[in-house]
Amino acid sequence: MSGDPNGRRKEEIARMFDSIVERYEFLNHLFSFNRDRVWRKETVKLAFGRVLDIACGSGEMVELLLRNPAVEYVVGLDLSWQMLDYARRNRLFPRSAYVMGDGENLPFADESFDSITVAFGIRNFPDKLRSLREMHRVMRKGGRVLIVDMVGAEGLFRPLYDFYKGWVMPFVARFFTPSWEAYRYLSRSIDAFPPRGEFLAMMREAGFESVWYRDFTLGAATLFFGEKV
Ligand SMILES: C[S@@+](CC[C@H](N)C(=O)[O-])C[C@H]1O[C@@H](n2cnc3c(N)ncnc32)[C@H](O)[C@@H]1O
């Protein structure tokens with residue numbers, strides 16, 4: 001993985017997530033005022049069949065997906081060994097499995113899944129188009145991709161949101177984790193995300209159709225949807 005700059009960046013990202021695993025969920029719920037639970041539930045409702053959850057982290061989405069009766073089974077994939085270890089210890093249920101792997105090079109055969117979810121993960125992928133192409137490859141015809149992430153607020157709410165993620169979050173994180181720098185990275189990764197319309201164009205370029213997005217909580221998070229026809 002370390003031969004190219006993207007590979008090195010991914011190793012650093014994996015190490016960073018390794019370092020925050022124990023406090024990760026608590027801080028997510030704290031910083032989103034628990035709204036992330038609602039955003040996740042809205043996303044999970046749209047999944048069906050055999051599901052791949054990319055960047056599964058501690059497995060919160062895997063657990064929610066399994067509660068949806070339309071879901072057959074869920075495979076969680078992540079780059080961070082510590083996150084996967086946490087998920088396996090806390091969220092290994094019947095009809096679920098965890099795999100270590102890279103969201104830009106999916107270790108699955110073509111047309112293996114009906115739905116693909118990525119919650120708060122794609123922001124970290126250096127080559128988002130490549131990852132979307134991989135999702136399209138491993139998805140069956142009639143399948144759907146559901147990507148939910150924090151991609152930056154728009155309009156009047158934006159200055160407040162920028163202050164919150166750029167200053168309040170890293171400051172508060174100091175009290176809970178020695179790896180509070182990770183929360184500065186979070187802010188930068190949100191800033192680096194392409195505008196919503198551009199990301200939809202990227203989804204189309206990767207082969208997805210009927211693409212749309214929906215903002216949650218004044219744009220604090222956004223759900224992107226696409227189908228493979
Ligand atoms: C913010 S966490 C989100 C975790 C989980 N999906 C959730 O909803 O809480 C981002 C996750 O993406 C993973 N990740 C980052 N880059 C990745 C990549 N290239 N391939 C797979 N996972 C990656 C990290 O290890 C981390 O667990």
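Both backbone and side-chain heavy atoms feed into the values below; hydrogens, waters and symmetry mates do not. Just so you know, ligand 1 is whichever comes first in the structure, and atom 1 is the first atom listed for that ligand.
- Under the 4.5 Å side-chain heavy-atom criterion for grouping Ile, Leu, Val, Met, Phe, Trp and Tyr, V145 is not connected to L223 through any hydrophobic cluster.
- Selection from R9, M61, R40, E60 by nearest heavy atom to atom 8 (O) of ligand 1 gives R40.
- Interface of M83 with ligand 1, defined as ligand atoms under 4.0 Å from a residue heavy atom, comprises 27 (O).
- Both cation-pi conditions hold for R23 and F26: the charged atom is under 6.0 angstrom from the six-membered ring centre and inside a 45 degree cone around its axis.
- Of the protein's heavy atoms, F125 CE2, 3.3 Å lies nearest to atom 18 (C) of ligand 1.
- Residue S80 has at least one heavy-atom neighbour below 4.0 Å for each of these atoms of ligand 1: 25 (O).
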| message | Test salt bridge (Lys or Arg N to Asp or Glu O under 4.0 Å) on R137 and E134; report intermediate values, then the result. | response | CA-CA 5 Å; R137 178 184 67 75; E134 277 289 272; 2.8 Å; yes

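- Of the protein's non-hydrogen atoms, D78 OD2, 3.4 Å is the one closest to atom 13 (C) of ligand 1.
- Note on ligand 1: G101 sits in its first shell, one or more heavy atoms being nearer than 4.0 Å.
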| salt bridge (Lys or Arg N to Asp or Glu O under 4.0 Å) evaluation trace for R67 with E63 | CA-CA 7 Å; R67 287 191 203 151; E63 179 170 3; 3.0 Å; yes

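- In terms of polar-atom proximity, D102 is counted as a contact of ligand 1, with an N or O under 3.5 Å from an N or O of the ligand.
- Comparing L64, L77, D18, L79 by heavy-atom distance to atom 22 (N) of ligand 1, the nearest is L79.
- Within ligand 1, the atoms closer than 4.0 Å to a non-hydrogen atom of G103 are 18 (C), 19 (N), 20 (N), 21 (C), numbered from 1 in the order shown.
- For Y24, a nitrogen or oxygen atom sits less than 3.5 Å from a nitrogen or oxygen atom of ligand 1, counting backbone and side chain alike.
- In terms of modelled atom types and a separation under 3.5 Å, the side chain of R95 and the main chain of V71 share a donor-acceptor contact.
- Distances shorter than 4.0 angstrom do not occur between any heavy atom of A14 and any atom of ligand 1.
- The shortest N/O to N/O separation between F17 and ligand 1 does not fall below 3.5 Å.
- Using cut-offs of 30° and 60° on the angle between ring planes, the pair F120 and W39 is tilted.
- Listed by number with element, the atoms of ligand 1 under 4.0 Å from a non-hydrogen atom of F120 are 1 (C), 2 (S), 3 (C), 8 (O), 10 (C).
- Contacts of I13 with ligand 1, taken as heavy-atom pairs under 4.0 Å, involve the side chain alone.
- W167 carries R184 over the face of its six-membered ring, with the cationic atom under 6.0 Å from the centre and within 45° of the normal.
- Every N/O-N/O distance between E104 and ligand 1 stays at or above 3.5 Å.
- The only option from K128, R40, R123, R196 that meets the salt bridge (Lys or Arg N to Asp or Glu O under 4.0 Å) definition with D149 turns out to be R123.
- If you check which protein heavy atom lies closest to atom 12 (O) of ligand 1, you get A55 CB, 3.2 Å.
- The backbone of C56, and not its side chain, has at least one atom closer than 4.0 Å to an atom of ligand 1 (non-hydrogen atoms only; backbone = N, CA, C, O).
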